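Input: a single structure, listed below in C-alpha coordinates.
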Protein chains: 2
Amino acid sequence: MSGTQERVGTTPAIEGLKQALRRLPGVGPKGAQRMALHLLERDREGARQIADALQHALGKVVHCQRCNNLTEQELCAICSSPRRDHSQLCIVESPADLIALEQAGVYQGLYFVLMGHLSPLDGIGPEELGIPRVEALFNEGSVKELILATNLTVEGEATAHYVGELARSRKIRTTRIAYGVPVGGELEYVDQGTLARAFSGRRET
Amino acid sequence: MSGTQERVGTTPAIEGLKQALRRLPGVGPKGAQRMALHLLERDREGARQIADALQHALGKVVHCQRCNNLTEQELCAICSSPRRDHSQLCIVESPADLIALEQAGVYQGLYFVLMGHLSPLDGIGPEELGIPRVEALFNEGSVKELILATNLTVEGEATAHYVGELARSRKIRTTRIAYGVPVGGELEYVDQGTLARAFSGRRET
(Lines give C-alpha, C1' and ligand atoms only; values in the text may rest on other atoms or scores of the structure.)
Protein backbone atom coordinates (compact mmCIF):
# COMPACT_ATOMS: atom_id res chain seq x y z
CA MET A 1 0.00 0.00 0.00
CA SER A 2 1.58 3.29 -1.08
CA GLY A 3 2.07 6.38 1.09
CA THR A 4 -0.55 8.32 -0.86
CA GLN A 5 -3.22 5.72 -0.29
CA GLU A 6 -2.40 5.58 3.39
CA ARG A 7 -2.60 9.37 3.55
CA VAL A 8 -6.14 9.59 2.19
CA GLY A 9 -7.56 6.62 4.07
CA THR A 10 -8.60 4.64 1.01
CA THR A 11 -7.52 1.33 -0.60
CA PRO A 12 -6.46 0.09 -4.06
CA ALA A 13 -9.78 -1.71 -4.62
CA ILE A 14 -11.75 1.43 -3.71
CA GLU A 15 -9.53 3.56 -5.96
CA GLY A 16 -10.00 1.05 -8.80
CA LEU A 17 -13.76 1.19 -8.36
CA LYS A 18 -13.70 5.02 -8.37
CA GLN A 19 -11.68 4.99 -11.60
CA ALA A 20 -14.10 2.52 -13.20
CA LEU A 21 -17.20 4.50 -12.16
CA ARG A 22 -15.76 7.61 -13.82
CA ARG A 23 -16.45 5.91 -17.15
CA LEU A 24 -20.14 6.54 -16.50
CA PRO A 25 -21.33 9.67 -18.35
CA GLY A 26 -21.62 12.74 -16.12
CA VAL A 27 -19.68 11.21 -13.22
CA GLY A 28 -16.63 13.15 -11.99
CA PRO A 29 -14.13 12.34 -9.23
CA LYS A 30 -16.38 13.47 -6.35
CA GLY A 31 -19.42 11.63 -7.71
CA ALA A 32 -17.41 8.45 -8.30
CA GLN A 33 -16.11 8.54 -4.73
CA ARG A 34 -19.60 9.07 -3.36
CA MET A 35 -20.92 6.13 -5.42
CA ALA A 36 -18.04 3.80 -4.51
CA LEU A 37 -18.29 4.51 -0.77
CA HIS A 38 -22.07 4.33 -0.78
CA LEU A 39 -22.04 0.90 -2.43
CA LEU A 40 -19.32 -0.50 -0.16
CA GLU A 41 -20.66 1.02 3.07
CA ARG A 42 -24.40 0.67 2.68
CA ASP A 43 -25.49 -1.20 -0.40
CA ARG A 44 -23.34 -4.22 -1.17
CA GLU A 45 -26.43 -5.94 -2.48
CA GLY A 46 -26.86 -3.03 -4.93
CA ALA A 47 -23.22 -3.32 -5.98
CA ARG A 48 -23.72 -7.01 -6.72
CA GLN A 49 -26.91 -6.21 -8.64
CA ILE A 50 -25.15 -3.61 -10.80
CA ALA A 51 -22.24 -5.96 -11.55
CA ASP A 52 -24.63 -8.78 -12.48
CA ALA A 53 -26.87 -6.52 -14.61
CA LEU A 54 -23.82 -5.24 -16.51
CA GLN A 55 -22.52 -8.78 -17.17
CA HIS A 56 -26.00 -9.92 -18.21
CA ALA A 57 -26.58 -6.98 -20.57
CA LEU A 58 -23.11 -7.33 -22.10
CA GLY A 59 -23.88 -10.96 -22.87
CA LYS A 60 -27.41 -10.37 -24.19
CA VAL A 61 -27.63 -7.01 -25.91
CA VAL A 62 -26.62 -6.87 -29.58
CA HIS A 63 -27.50 -4.65 -32.52
CA CYS A 64 -30.61 -5.30 -34.60
CA GLN A 65 -29.55 -6.67 -37.98
CA ARG A 66 -31.98 -4.35 -39.70
CA CYS A 67 -32.28 -1.05 -37.79
CA ASN A 68 -29.07 -1.17 -35.72
CA ASN A 69 -30.95 -0.43 -32.46
CA LEU A 70 -30.01 -2.36 -29.32
CA THR A 71 -31.92 -5.64 -29.00
CA GLU A 72 -31.65 -9.17 -27.63
CA GLN A 73 -32.79 -10.84 -30.85
CA GLU A 74 -31.48 -10.86 -34.40
CA LEU A 75 -34.31 -8.47 -35.33
CA CYS A 76 -35.59 -6.01 -32.72
CA ALA A 77 -39.22 -5.95 -31.57
CA ILE A 78 -40.00 -2.94 -33.78
CA CYS A 79 -38.49 -4.38 -36.98
CA SER A 80 -40.16 -7.75 -36.44
CA SER A 81 -43.58 -6.32 -35.56
CA PRO A 82 -46.28 -6.86 -38.19
CA ARG A 83 -48.07 -3.78 -36.82
CA ARG A 84 -45.37 -1.31 -37.92
CA ASP A 85 -45.56 0.57 -41.21
CA HIS A 86 -42.65 -0.59 -43.36
CA SER A 87 -43.12 2.27 -45.82
CA GLN A 88 -41.72 4.87 -43.40
CA LEU A 89 -38.12 4.95 -42.22
CA CYS A 90 -37.03 7.38 -39.50
CA ILE A 91 -33.34 8.14 -39.02
CA VAL A 92 -32.20 8.88 -35.46
CA GLU A 93 -28.76 9.29 -33.93
CA SER A 94 -29.16 7.12 -30.83
CA PRO A 95 -31.31 4.53 -29.05
CA ALA A 96 -32.28 7.26 -26.53
CA ASP A 97 -33.74 9.34 -29.40
CA LEU A 98 -35.69 6.31 -30.59
CA ILE A 99 -37.02 5.67 -27.07
CA ALA A 100 -38.12 9.32 -26.78
CA LEU A 101 -40.05 9.10 -30.08
CA GLU A 102 -41.62 5.76 -29.08
CA GLN A 103 -42.70 7.23 -25.74
CA ALA A 104 -44.36 10.12 -27.57
CA GLY A 105 -46.31 7.39 -29.41
CA VAL A 106 -46.72 9.41 -32.61
CA TYR A 107 -44.86 7.22 -35.09
CA GLN A 108 -45.71 3.74 -36.37
CA GLY A 109 -42.98 3.23 -38.98
CA LEU A 110 -39.49 1.73 -38.76
CA TYR A 111 -36.22 3.29 -37.66
CA PHE A 112 -32.57 3.25 -38.45
CA VAL A 113 -30.25 4.14 -35.55
CA LEU A 114 -26.95 5.64 -36.71
CA MET A 115 -25.26 5.41 -33.28
CA GLY A 116 -23.75 8.82 -33.89
CA HIS A 117 -23.43 11.47 -36.58
CA LEU A 118 -20.99 12.27 -39.37
CA SER A 119 -17.84 13.68 -37.83
CA PRO A 120 -14.92 13.50 -40.26
CA LEU A 121 -12.43 14.90 -37.73
CA ASP A 122 -13.17 11.93 -35.44
CA GLY A 123 -12.95 9.50 -38.37
CA ILE A 124 -16.71 8.91 -38.39
CA GLY A 125 -17.88 8.69 -41.99
CA PRO A 126 -20.89 7.06 -43.69
CA GLU A 127 -19.43 3.53 -43.28
CA GLU A 128 -19.06 3.89 -39.48
CA LEU A 129 -22.70 4.99 -39.18
CA GLY A 130 -23.96 2.05 -41.25
CA ILE A 131 -25.28 4.36 -43.99
CA PRO A 132 -24.63 1.68 -46.66
CA ARG A 133 -27.20 -0.40 -44.73
CA VAL A 134 -29.69 2.48 -45.06
CA GLU A 135 -29.04 2.47 -48.83
CA ALA A 136 -29.67 -1.27 -48.89
CA LEU A 137 -33.02 -0.63 -47.17
CA PHE A 138 -33.86 2.00 -49.83
CA ASN A 139 -32.94 -0.51 -52.54
CA GLU A 140 -35.36 -3.09 -51.14
CA GLY A 141 -38.08 -0.74 -52.43
CA SER A 142 -40.54 -0.74 -49.50
CA VAL A 143 -39.48 2.66 -48.08
CA LYS A 144 -41.74 5.42 -49.41
CA GLU A 145 -40.82 8.16 -46.94
CA LEU A 146 -37.58 8.95 -45.16
CA ILE A 147 -38.03 11.00 -41.97
CA LEU A 148 -34.89 12.72 -40.75
CA ALA A 149 -34.85 13.08 -36.96
CA THR A 150 -31.15 13.69 -36.33
CA ASN A 151 -30.28 16.38 -33.81
CA LEU A 152 -30.32 20.07 -34.70
CA THR A 153 -26.55 20.45 -34.47
CA VAL A 154 -24.02 21.13 -37.24
CA GLU A 155 -23.14 17.41 -37.38
CA GLY A 156 -26.76 16.28 -37.10
CA GLU A 157 -27.77 18.60 -39.95
CA ALA A 158 -24.85 17.45 -42.12
CA THR A 159 -25.82 13.83 -41.47
CA ALA A 160 -29.49 14.54 -42.31
CA HIS A 161 -28.41 16.29 -45.52
CA TYR A 162 -26.20 13.36 -46.55
CA VAL A 163 -28.83 10.67 -45.95
CA GLY A 164 -31.52 12.90 -47.48
CA GLU A 165 -29.56 13.19 -50.72
CA LEU A 166 -29.30 9.40 -50.95
CA ALA A 167 -33.09 9.14 -50.63
CA ARG A 168 -33.86 11.97 -53.04
CA SER A 169 -31.61 10.44 -55.67
CA ARG A 170 -33.87 7.38 -55.47
CA LYS A 171 -37.04 9.57 -55.64
CA ILE A 172 -37.99 8.68 -52.06
CA ARG A 173 -39.98 11.41 -50.29
CA THR A 174 -37.75 13.01 -47.66
CA THR A 175 -38.94 15.01 -44.64
CA ARG A 176 -37.31 16.54 -41.57
CA ILE A 177 -39.13 16.75 -38.23
CA ALA A 178 -40.16 20.31 -37.32
CA TYR A 179 -38.02 22.53 -35.12
CA GLY A 180 -39.36 25.62 -33.40
CA VAL A 181 -40.80 26.93 -30.16
CA PRO A 182 -41.58 23.98 -27.86
CA VAL A 183 -45.15 23.35 -26.76
CA GLY A 184 -45.81 25.44 -23.66
CA GLY A 185 -42.67 27.48 -24.35
CA GLU A 186 -42.91 31.20 -23.68
CA LEU A 187 -41.29 33.32 -26.37
CA GLU A 188 -39.60 35.42 -23.71
CA TYR A 189 -37.55 32.44 -22.54
CA VAL A 190 -36.85 30.77 -25.88
CA ASP A 191 -33.29 31.06 -27.22
CA GLN A 192 -32.54 33.10 -30.35
CA GLY A 193 -31.59 30.11 -32.51
CA THR A 194 -34.92 28.44 -31.82
CA LEU A 195 -36.82 31.67 -32.48
CA ALA A 196 -34.98 32.12 -35.79
CA ARG A 197 -35.87 28.54 -36.70
CA ALA A 198 -39.51 29.08 -35.70
CA PHE A 199 -39.71 32.13 -37.97
CA SER A 200 -38.00 30.59 -40.99
CA GLY A 201 -40.20 27.51 -40.59
CA ARG A 202 -43.50 29.42 -40.27
CA ARG A 203 -46.52 28.10 -42.18
CA GLU A 204 -49.81 29.37 -43.55
CA THR A 205 -52.64 28.75 -41.09
CA MET B 1 -41.04 -9.55 -24.96
CA SER B 2 -43.98 -7.57 -23.58
CA GLY B 3 -45.94 -4.93 -25.46
CA THR B 4 -44.58 -2.15 -23.29
CA GLN B 5 -41.00 -3.08 -23.97
CA GLU B 6 -41.69 -3.23 -27.68
CA ARG B 7 -43.36 0.16 -27.49
CA VAL B 8 -40.36 1.95 -26.03
CA GLY B 9 -37.71 0.23 -28.13
CA THR B 10 -35.78 -1.25 -25.24
CA THR B 11 -35.10 -4.80 -23.94
CA PRO B 12 -35.36 -6.68 -20.61
CA ALA B 13 -31.57 -6.69 -20.14
CA ILE B 14 -31.39 -2.92 -20.73
CA GLU B 15 -34.32 -2.34 -18.36
CA GLY B 16 -32.63 -4.53 -15.73
CA LEU B 17 -29.42 -2.54 -16.08
CA LYS B 18 -31.33 0.74 -15.75
CA GLN B 19 -33.02 -0.52 -12.57
CA ALA B 20 -29.67 -1.62 -11.14
CA LEU B 21 -27.94 1.69 -11.94
CA ARG B 22 -30.67 3.56 -10.05
CA ARG B 23 -29.19 2.14 -6.85
CA LEU B 24 -26.26 4.52 -7.38
CA PRO B 25 -26.71 7.66 -5.24
CA GLY B 26 -27.98 10.66 -7.20
CA VAL B 27 -28.99 8.65 -10.27
CA GLY B 28 -32.62 8.96 -11.41
CA PRO B 29 -34.48 7.27 -14.27
CA LYS B 30 -33.13 9.58 -17.00
CA GLY B 31 -29.57 9.36 -15.74
CA ALA B 32 -29.76 5.56 -15.45
CA GLN B 33 -31.01 5.29 -19.04
CA ARG B 34 -28.24 7.58 -20.26
CA MET B 35 -25.64 5.49 -18.44
CA ALA B 36 -27.02 2.14 -19.60
CA LEU B 37 -27.23 3.18 -23.26
CA HIS B 38 -23.83 4.88 -23.18
CA LEU B 39 -22.16 1.74 -21.82
CA LEU B 40 -23.91 -0.62 -24.26
CA GLU B 41 -23.54 1.63 -27.32
CA ARG B 42 -20.09 3.10 -26.87
CA ASP B 43 -18.18 1.75 -23.93
CA ARG B 44 -18.57 -1.99 -23.46
CA GLU B 45 -14.99 -2.10 -22.25
CA GLY B 46 -15.98 0.45 -19.56
CA ALA B 47 -19.02 -1.66 -18.62
CA ARG B 48 -16.77 -4.69 -18.17
CA GLN B 49 -14.32 -2.61 -16.13
CA ILE B 50 -17.08 -1.39 -13.78
CA ALA B 51 -18.47 -4.91 -13.30
CA ASP B 52 -14.98 -6.28 -12.56
CA ALA B 53 -14.09 -3.41 -10.20
CA LEU B 54 -17.34 -3.94 -8.27
CA GLN B 55 -16.73 -7.67 -7.92
CA HIS B 56 -13.12 -7.08 -6.92
CA ALA B 57 -13.98 -4.42 -4.32
CA LEU B 58 -16.82 -6.55 -2.88
CA GLY B 59 -14.34 -9.39 -2.41
CA LYS B 60 -11.52 -7.28 -0.97
CA VAL B 61 -12.93 -4.39 1.03
CA VAL B 62 -13.77 -5.05 4.67
CA HIS B 63 -14.01 -2.93 7.82
CA CYS B 64 -10.91 -2.17 9.88
CA GLN B 65 -11.08 -4.18 13.13
CA ARG B 66 -10.05 -1.13 15.09
CA CYS B 67 -11.44 2.04 13.47
CA ASN B 68 -14.24 0.58 11.32
CA ASN B 69 -13.03 2.41 8.18
CA LEU B 70 -13.01 0.53 4.86
CA THR B 71 -9.76 -1.36 4.30
CA GLU B 72 -8.32 -4.46 2.63
CA GLN B 73 -6.42 -5.62 5.72
CA GLU B 74 -7.46 -6.57 9.23
CA LEU B 75 -6.12 -3.21 10.42
CA CYS B 76 -6.27 -0.22 8.04
CA ALA B 77 -3.17 1.67 6.98
CA ILE B 78 -3.88 4.50 9.44
CA CYS B 79 -4.42 2.24 12.47
CA SER B 80 -1.33 0.16 11.67
CA SER B 81 0.94 3.15 10.99
CA PRO B 82 3.65 3.78 13.61
CA ARG B 83 3.65 7.44 12.54
CA ARG B 84 0.13 8.17 13.80
CA ASP B 85 -0.52 9.61 17.26
CA HIS B 86 -2.44 6.99 19.25
CA SER B 87 -3.36 9.50 21.96
CA GLN B 88 -5.90 11.29 19.74
CA LEU B 89 -9.13 9.71 18.51
CA CYS B 90 -11.31 11.54 16.00
CA ILE B 91 -14.93 10.44 15.51
CA VAL B 92 -16.37 10.86 11.99
CA GLU B 93 -19.63 9.67 10.46
CA SER B 94 -18.31 8.25 7.18
CA PRO B 95 -15.21 7.18 5.21
CA ALA B 96 -15.76 10.23 2.96
CA ASP B 97 -15.43 12.51 6.01
CA LEU B 98 -12.21 10.72 6.99
CA ILE B 99 -10.83 11.11 3.45
CA ALA B 100 -11.65 14.85 3.50
CA LEU B 101 -9.77 15.31 6.80
CA GLU B 102 -6.81 13.25 5.55
CA GLN B 103 -6.66 15.34 2.38
CA ALA B 104 -6.58 18.50 4.50
CA GLY B 105 -3.50 16.93 6.10
CA VAL B 106 -4.03 18.60 9.49
CA TYR B 107 -4.51 15.58 11.74
CA GLN B 108 -2.05 12.85 12.73
CA GLY B 109 -4.12 10.86 15.21
CA LEU B 110 -6.44 7.89 14.81
CA TYR B 111 -10.09 7.75 13.79
CA PHE B 112 -13.25 5.88 14.51
CA VAL B 113 -15.77 5.77 11.65
CA LEU B 114 -19.37 5.38 12.86
CA MET B 115 -20.81 4.66 9.39
CA GLY B 116 -23.79 6.85 10.27
CA HIS B 117 -25.25 8.76 13.19
CA LEU B 118 -27.72 8.04 15.99
CA SER B 119 -31.19 7.87 14.51
CA PRO B 120 -33.59 6.09 16.86
CA LEU B 121 -36.50 6.33 14.39
CA ASP B 122 -34.48 4.29 11.88
CA GLY B 123 -33.44 1.83 14.57
CA ILE B 124 -29.85 3.11 14.62
CA GLY B 125 -28.63 3.19 18.20
CA PRO B 126 -25.17 3.08 19.82
CA GLU B 127 -24.76 -0.65 19.06
CA GLU B 128 -25.34 -0.20 15.32
CA LEU B 129 -22.69 2.55 15.19
CA GLY B 130 -20.12 0.43 17.02
CA ILE B 131 -20.00 2.85 19.96
CA PRO B 132 -19.22 -0.04 22.38
CA ARG B 133 -16.00 -0.44 20.34
CA VAL B 134 -15.21 3.25 20.96
CA GLU B 135 -15.68 2.61 24.70
CA ALA B 136 -13.32 -0.36 24.44
CA LEU B 137 -10.73 1.98 22.85
CA PHE B 138 -11.20 4.44 25.74
CA ASN B 139 -10.74 1.59 28.21
CA GLU B 140 -7.40 0.64 26.63
CA GLY B 141 -6.12 3.88 28.17
CA SER B 142 -4.06 5.32 25.31
CA VAL B 143 -6.65 7.89 24.17
CA LYS B 144 -5.98 11.26 25.79
CA GLU B 145 -8.18 13.41 23.55
CA LEU B 146 -11.44 12.69 21.79
CA ILE B 147 -12.13 14.96 18.80
CA LEU B 148 -15.74 15.04 17.66
CA ALA B 149 -16.04 15.67 13.92
CA THR B 150 -19.58 14.46 13.26
CA ASN B 151 -21.73 16.61 10.98
CA LEU B 152 -23.45 19.75 12.21
CA THR B 153 -26.95 18.28 11.93
CA VAL B 154 -29.40 17.40 14.70
CA GLU B 155 -28.37 13.74 14.49
CA GLY B 156 -24.66 14.52 14.18
CA GLU B 157 -24.84 16.79 17.26
CA ALA B 158 -26.77 14.18 19.25
CA THR B 159 -24.18 11.56 18.30
CA ALA B 160 -21.32 13.88 19.28
CA HIS B 161 -23.01 14.59 22.61
CA TYR B 162 -23.51 10.89 23.32
CA VAL B 163 -19.91 9.88 22.55
CA GLY B 164 -18.59 12.98 24.32
CA GLU B 165 -20.37 12.02 27.53
CA LEU B 166 -18.75 8.57 27.44
CA ALA B 167 -15.31 10.20 27.16
CA ARG B 168 -15.95 12.85 29.82
CA SER B 169 -17.12 10.17 32.28
CA ARG B 170 -13.64 8.64 31.83
CA LYS B 171 -11.95 12.07 32.25
CA ILE B 172 -10.78 12.06 28.63
CA ARG B 173 -10.39 15.54 27.15
CA THR B 174 -13.20 16.08 24.63
CA THR B 175 -13.21 18.67 21.82
CA ARG B 176 -15.46 19.47 18.88
CA ILE B 177 -14.05 20.84 15.61
CA ALA B 178 -14.89 24.52 15.06
CA TYR B 179 -17.90 25.62 13.01
CA GLY B 180 -18.25 29.12 11.62
CA VAL B 181 -17.70 31.26 8.54
CA PRO B 182 -15.65 29.26 5.99
CA VAL B 183 -12.24 30.52 4.93
CA GLY B 184 -12.75 32.97 2.05
CA GLY B 185 -16.47 33.18 2.86
CA GLU B 186 -18.07 36.61 2.55
CA LEU B 187 -20.46 37.43 5.40
CA GLU B 188 -23.03 38.68 2.91
CA TYR B 189 -23.40 35.20 1.44
CA VAL B 190 -23.11 33.08 4.57
CA ASP B 191 -26.34 31.49 5.86
CA GLN B 192 -27.90 32.61 9.15
CA GLY B 193 -27.24 29.35 10.99
CA THR B 194 -23.54 29.56 10.21
CA LEU B 195 -23.41 33.23 11.23
CA ALA B 196 -25.16 32.41 14.50
CA ARG B 197 -22.62 29.65 15.11
CA ALA B 198 -19.73 31.97 14.24
CA PHE B 199 -20.98 34.52 16.80
CA SER B 200 -21.64 32.08 19.61
CA GLY B 201 -18.24 30.48 18.97
CA ARG B 202 -16.29 33.79 18.92
CA ARG B 203 -12.98 33.92 20.76
CA GLU B 204 -10.67 36.52 22.31
CA THR B 205 -7.96 37.59 19.87
Side-chain angles (χ1 to χ4, degrees), chain A residues 1 5-14 16-17 19-21 23-27 31 33-44 46-61 69-73 76-78 81 94-96 98-99 101-103 105 111 115, chain B residues 1 5-14 16-17 19-21 23-27 31 33-44 46-61 69-73 76-78 81 94-96 98-99 101-103 105 111 115:
Chain A
M1 201 166 291
Q5 275 147 355
E6 178 179 335
R7 181 106 217 113
V8 297
T10 177
T11 83
I14 297 174
L17 179 54
Q19 278 305 318
L21 289 169
R23 296 188 76 149
L24 293 170
V27 176
Q33 173 171 307
R34 185 162 153 245
M35 288 173 173
L37 294 176
H38 172 87
L39 292 173
L40 292 170
E41 267 172 75
R42 297 164 210 231
D43 194 10
R44 289 189 171 226
R48 222 163 273 122
Q49 194 184 324
I50 294 168
D52 292 347
L54 282 166
Q55 299 284 15
H56 180 73
L58 284 170
K60 282 274 186 185
V61 178
N69 193 21
L70 300 172
T71 178
E72 296 177 31
Q73 268 83 40
C76 77
I78 293 173
S81 167
S94 75
L98 183 156
I99 291 170
L101 287 171
E102 284 298 293
Q103 283 174 344
Y111 293 92
M115 301 288 170
Chain B
M1 204 168 292
Q5 276 146 356
E6 179 177 335
R7 180 104 217 115
V8 298
T10 175
T11 83
I14 297 174
L17 179 55
Q19 277 305 317
L21 289 168
R23 296 189 77 148
L24 293 170
V27 175
Q33 172 171 306
R34 185 163 153 244
M35 288 174 174
L37 294 176
H38 171 86
L39 291 174
L40 292 169
E41 269 172 72
R42 299 165 207 226
D43 194 12
R44 290 191 170 227
R48 222 162 273 122
Q49 194 184 325
I50 294 168
D52 292 347
L54 283 165
Q55 298 285 16
H56 179 73
L58 284 170
K60 282 273 186 188
V61 177
N69 193 21
L70 299 172
T71 177
E72 295 177 33
Q73 267 84 39
C76 76
I78 292 173
S81 167
S94 75
L98 184 154
I99 291 170
L101 287 172
E102 285 296 294
Q103 283 173 345
Y111 293 92
M115 300 288 171

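In what follows, every chain begins at residue 1, and chains take the letters A, B, ... in the order their sequences are listed. Just so you know, these numbers come straight off a predicted model, no measurement behind them.
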Residue among A/Met115, A/Arg48, A/His56, A/Arg44 with most heavy-atom pairs under 4.5 Å to chain B
A/Arg44

With chain A, which of B/Ala51, B/Ala96, B/Gly46, B/Pro25 has the greatest number of heavy-atom pairs at distances under 4.5 Å?
B/Pro25

If you take all heavy atoms of A/Gly9 and B/Leu98, which pair is closest and at what distance?
CA-CD2, 3.8 Å

A/Val27 vs B/Leu24, side-chain contact (heavy atoms from CB on, under 4.5 Å): CA-CA, chis, key distance, verdict:
CA-CA 11 Å; A/Val27 176; B/Leu24 293 170; over 6 Å; no

Which atom of A/Ser94 lies closest to which atom of B/Glu41, heavy atoms considered:
CB-OE1, 4.1 Å

Could you pull out the closest heavy-atom pair between B/Gly16 and A/Ala53, with the gap in Å?
O-CB, 4.0 Å

With distance as the sole test, does B/Glu72 use its side chain to make a donor-acceptor pair with the main-chain N or O of A/Ala13 at under 3.5 Å?
yes

Contacts of B/Arg23 meeting side chain to side chain donor-acceptor pair (under 3.5 Å) (sequence neighbours excluded), chain-then-number -> A/Asp43, A/Gln49

Cut-off 3.5 Å, no hydrogens considered: what does the side-chain donor-acceptor table look like for residues 33-40 of chain B, sequence neighbours left out?
unit_1: B/Gln33; atom_1: OE1; unit_2: B/Lys18; atom_2: NZ; d: 3.2

Check B/Thr11, B/Thr10, B/Leu17 against A/Val61 for a side-chain contact (heavy atoms from CB on, under 4.5 Å) and give me the one that passes.
B/Thr11

Compare every heavy atom of A/Ala47 with every heavy atom of B/Leu54, then report the nearest pair and how far apart it is.
CD1-O, 3.8 Å

